[in-house]
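The block underneath contains the structure these notes are about, expressed in structure tokens.
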Amino acid sequence: QLVESGGGLVQAGGSLRLSCAASGRTFSSHAMGWFRQAPGKEREFVAGIGWSAFSTYYGDSAKGRFTISRDGAKSTVYLQMNSLKPEDTAVYYCTAQDRAAATMSPSVGYWGQGTQVTVSS
């Protein structure tokens, strides 16, 4: 029900824009966000945005470099990633959750299949 796109291979310092579109239903009343998971590591919160798009939250690794936005009418969420670093390499997952964006969890809600982001040094 959530389909991510926009991942790929980029050099350090470059940018990527991830997109996540809902299919089959809308999530206009859900918070939406992004988590990521690198090999051997736990799924990590990257960014979240409230249903109204008024409130945004970022994990420490994303602050100042990533920007989350959404098109509520289309239940689409975006993640603009700038100044990418090799440590940003991971599978990025989109999620929609019926809870506040500030309390998004890696173990609840709706999830996409993930999109690989690889940052080369």
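Heads up: numbering here begins at 1 and tracks the sequence.
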Is any side-chain heavy atom of [Y] closer than 4.5 Å to one of [X]?
X	Y	value
Thr89	Gln116	yes
Val108	Arg99	yes
Gln97	Met104	yes
Thr95	Met32	no
Trp111	Arg43	yes
Glu4	Cys94	yes
Val46	Tyr58	no
Ile68	Gln80	no

Item checked: Gln113 atom CD, neighbour heavy-atom count above 12 within 6.0 Å ->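 Yes - once you tally the heavy atoms of other residues, nucleotides and ligands closer than 6.0 Å, there are more than 12.
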Rounded to the nearest 0.5 Å, how far does [atom2] of [Y] lie from [atom1] of [X]?
X	Y	atom1	atom2	answer
Leu9	Ser120	CG	OG	5.0 Å
Phe35	Glu44	CZ	CD	9.5 Å
Ile49	Ser55	CD1	OG	8.5 Å
Arg65	Leu84	CZ	CG	6.5 Å
Leu79	Cys20	CG	SG	10.5 Å

Q) Donor-acceptor pair, Ser15 side chain versus Asn82 backbone, under 3.5 Å? A) no
Going only through I, L, V, M, F, W and Y residues with side-chain contacts under 4.5 Å, is there a path from [X] to [Y]?
X	Y	result
Leu16	Tyr92	yes
Tyr78	Tyr57	no
Val10	Met81	yes
Val117	Phe45	no

Which atoms form the tightest heavy-atom contact between [X] and [Y], and what is the distance?
X	Y	result
Ser121	Ala12	CA-CB, 4.4 Å
Ser28	Ser75	N-OG, 3.4 Å
Ala101	Gly50	CB-N, 3.7 Å

Notebook entry, point to check: Do we get Arg36 above Tyr93's six-membered ring, with its NZ or CZ under 6.0 Å from the centre and within 45° of the axis?
Noted result: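 Cation-pi check for Arg36 and Tyr93: fails.
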Problem - Row check, Trp51 ring normal vs Arg70 NZ/CZ: under 6.0 Å, within 45° - result: no
(Q) For the residue pair Asp71 / Thr76, report whether a side-chain donor-acceptor contact shorter than 3.5 Å exists. (A)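 There is no such pair between these side chains.
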Problem set entry | Stepwise side-chain contact (heavy atoms from CB on, under 4.5 Å) test for Leu18 and Thr115 | CA-CA 8 Å; Leu18 305 183; Thr115 186; 4.0 Å; yes
**Asked** Are the aromatic rings of Phe27 and Tyr110 close, with centres under 6.0 Å apart?
**Response**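 Judged by ring-centre distance (under 6.0 Å), Phe27 and Tyr110 do meet the cut-off.
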